[in-house]
Amino acid sequence: MLWVKSLHIIFVTSWFAGLFYLPRILVNLAMVEPDSTAERARLLLMARKLYRFMMPLMLLALGFGLWLWLGYGIGGAWMHAKLALVILLIGYHHLCGAMIKRFERGENRRSHIWYRWFNEAPVLLLVAVVLLVVVKPF
């Protein structure tokens with residue numbers, strides 16, 4: 001089970017690297033001047049590639065996490081709270097994908113400041129998940 005736990009940590013860490021960086025690309029996309037098509041195209045390409053790269057990382061993190069959960073039979077209120085946060089993270093991941101599509105269609109209506117705040121969500125969720133797993137407050 002230590003191999004499974006190690007792989008879970010590796011893929012969670014890798015997925016979070018993408019969750020931290022992809023919204024930063026969205027910040028930069030929101031700042032692109034309308035006449036700067038080359039910069040916009042380059043950032044969209046980066047965002048699409050990163051999003052596609054993140055998908056298997058997320059699935060592997062979830063798969064190894066499920067394996068751990070079923071293998072150890074972990075339960076308790078802290079685990080239910082953690083699972084709720086994981087569902088929020090999955091939603092955040094897919095919301096990033098939807099935002100990329102909006103940028104591709106030229107339908108973004110949000111400012112770079114909004115995306116800067118949006119960029120902070122995975123940090124807060126990571127802190128909450130780590131505290132739940134390590135401290136198990138309830």
Side-chain angles (χ1 to χ4, degrees):
M1 272 312 214
L2 291 178
W3 281 99
V4 176
K5 188 184 288 188
S6 297
L7 290 169
H8 177 62
I9 292 168
I10 289 166
F11 288 114
V12 166
T13 304
S14 301
W15 179 35
F16 264 95
L19 288 175
F20 292 154
Y21 190 62
L22 182 56
R24 184 65 209 169
I25 295 173
L26 298 177
V27 169
N28 292 330
L29 269 167
M31 294 174 60
V32 170
E33 296 296 327
D35 60 337
S36 185
T37 55
E39 182 181 7
R40 183 179 179 280
R42 180 179 51 80
L43 288 169
L44 278 171
L45 178 66
M46 289 171 57
R48 280 192 304 269
K49 284 186 175 190
L50 180 57
Y51 184 74
R52 280 195 307 268
F53 183 73
M54 289 166 54
M55 187 63 74
L57 297 173
M58 176 187 72
L59 294 174
L60 287 165
L62 294 173
F64 285 113
L66 183 61
W67 189 347
L68 283 171
W69 186 27
L70 296 175
Y72 281 120
I74 301 167
W78 71 269
M79 179 55 92
H80 290 97
K82 178 195 173 209
L83 292 173
L85 294 176
V86 169
I87 290 168
L88 286 175
L89 285 163
I90 294 167
Y92 184 90
H93 175 102
H94 290 294
L95 183 57
C96 286
M99 289 176 177
I100 293 169
K101 288 179 183 173
R102 273 188 237 136
F103 273 106
E104 289 174 332
R105 294 188 306 260
E107 297 174 358
N108 176 57
R109 301 294 177 251
R110 295 191 166 112
S111 73
H112 67 94
I113 295 168
W114 187 90
Y115 286 104
R116 288 177 196 278
W117 283 104
F118 179 75
N119 189 35
E120 300 305 321
V123 175
L124 299 174
L125 289 168
L126 177 64
V127 168
V129 167
V130 169
L131 289 174
L132 285 169
V133 171
V134 174
V135 177
K136 295 177 183 59
F138 42 86

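Worth saying up front: this structure is predicted, and the values here are computed from it rather than measured.
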Engineer: Nearest 0.5 Å please: distance from the CG atom of L85 over to the CD1 atom of I90.
Structural biologist: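 Going from CG on L85 over to CD1 on I90, the span is 11.0 Å.
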Engineer: With rounding to the nearest 0.5 Å, note down the distance linking CG in L45 to CD1 in I100.
Structural biologist: 11.0 Å
Engineer: Verify the neighbour count for atom CZ of F20: are there more than 12 heavy atoms of other residues, nucleotides or ligands below 6.0 Å?
Structural biologist: yes
Engineer: Measure the shortest side-chain to side-chain distance between V86 and L62 over non-hydrogen atoms and say whether it is less than 4.5 angstrom.
Structural biologist: yes
Engineer: Report, as yes or no, whether the 6.0 Å neighbourhood of atom NE2 on H80 holds more than 12 heavy atoms from other residues, nucleotides or ligands.
Structural biologist: no
Engineer: Does the side chain of L43 reach to within under 4.5 Å of the side chain of V32, using non-hydrogen atoms?
Structural biologist: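 In contact.
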Engineer: Does Y115 reach the main-chain N or O of I25 with its side chain, forming a donor-acceptor pair under 3.5 Å?
Structural biologist: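 Absent.
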Engineer: Indicate yes or no for a side-chain donor-acceptor contact from H112 to the backbone of A30 under 3.5 Å, with no hydrogens or angles considered.
Structural biologist: no
Engineer: Group every Ile, Leu, Val, Met, Phe, Trp and Tyr by side-chain heavy-atom contacts under 4.5 Å, then state whether L95 and M54 land in the same group.
Structural biologist: yes
Engineer: Sort and list the pairs that fulfil salt bridge (Lys or Arg N to Asp or Glu O under 4.0 Å) and have at least one residue in residues 102-125, not counting sequence neighbours.
Structural biologist: R48-E104, R105-E107
Engineer: Can you measure from CZ (F64) to OG (S6) and round to the nearest 0.5 angstrom?
Structural biologist: 10.0 Å
Engineer: Roughly how far, to the nearest 0.5 Å, is CE of M1 from NE2 of H8?
Structural biologist: 11.5 Å
Engineer: Does a sphere of radius 6.0 Å around NZ in K101 hold more than 12 heavy atoms from other residues, nucleotides or ligands, not counting ones at 6.0 Å or beyond?
Structural biologist: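 At most 12 heavy atoms, drawn from other residues, nucleotides or ligands, come within 6.0 Å of this atom.
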Engineer: According to a 4.5 Å side-chain heavy-atom criterion applied to Ile, Leu, Val, Met, Phe, Trp and Tyr, with indirect links allowed, do I87 and L57 form part of one hydrophobic cluster?
Structural biologist: no
Engineer: Please determine whether the number of non-hydrogen atoms from other residues, nucleotides or ligands lying under 6.0 Å from atom CH2 of W117 exceeds 12.
Structural biologist: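 Result for CH2/W117: open.
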Engineer: Mind checking whether V134 and V12 sit in one hydrophobic cluster, side chains of I, L, V, M, F, W, Y counted as touching below 4.5 Å?
Structural biologist: yes
Engineer: Assess whether atom OH of Y21 is packed by more than 12 heavy atoms of other residues, nucleotides or ligands within 6.0 Å.
Structural biologist: no
Engineer: Measure the spacing between CG of L44 and CD of E39 and express it to the nearest 0.5 Å.
Structural biologist: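 So the CG of L44 and the CD of E39 are separated by 10.5 Å.
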Engineer: Counting neighbours of CH2 on W78 that are heavy atoms of other residues, nucleotides or ligands and sit closer than 6.0 Å, is the number greater than 12?
Structural biologist: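 Yes - once you tally the heavy atoms of other residues, nucleotides and ligands closer than 6.0 Å, there are more than 12.
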Engineer: Taking all heavy atoms of Y92 and all of A121, pick out the closest pair and write down the distance.
Structural biologist: CE1-CB, 3.6 Å
Engineer: Please evaluate residues K5 and L68 with respect to the criterion side-chain contact (heavy atoms from CB on, under 4.5 Å), reporting the C-alpha separation (whole Å), side-chain torsions for both, the decisive distance (0.1 Å), and the verdict.
Structural biologist: CA-CA 7 Å; K5 188 184 288 188; L68 283 171; 4.0 Å; yes
Engineer: Is L89 linked to I9 within one hydrophobic cluster, defined over Ile, Leu, Val, Met, Phe, Trp and Tyr using a side-chain heavy-atom separation of less than 4.5 Å?
Structural biologist: no
Engineer: At their closest point, which heavy atom of H93 faces which heavy atom of Y51, and how far apart are they?
Structural biologist: O-CE1, 3.1 Å
Engineer: How long is the span from the CZ atom in R24 to the CG atom in L22, to the nearest 0.5 Å?
Structural biologist: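 Interatomic distance, R24 CZ to L22 CG, rounded to 0.5 Å: 12.0 Å.
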Engineer: Report whether V133 and W15 are members of the same hydrophobic cluster (ILVMFWY, side-chain heavy atoms less than 4.5 Å apart, transitive linking).
Structural biologist: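 Shared cluster, yes.
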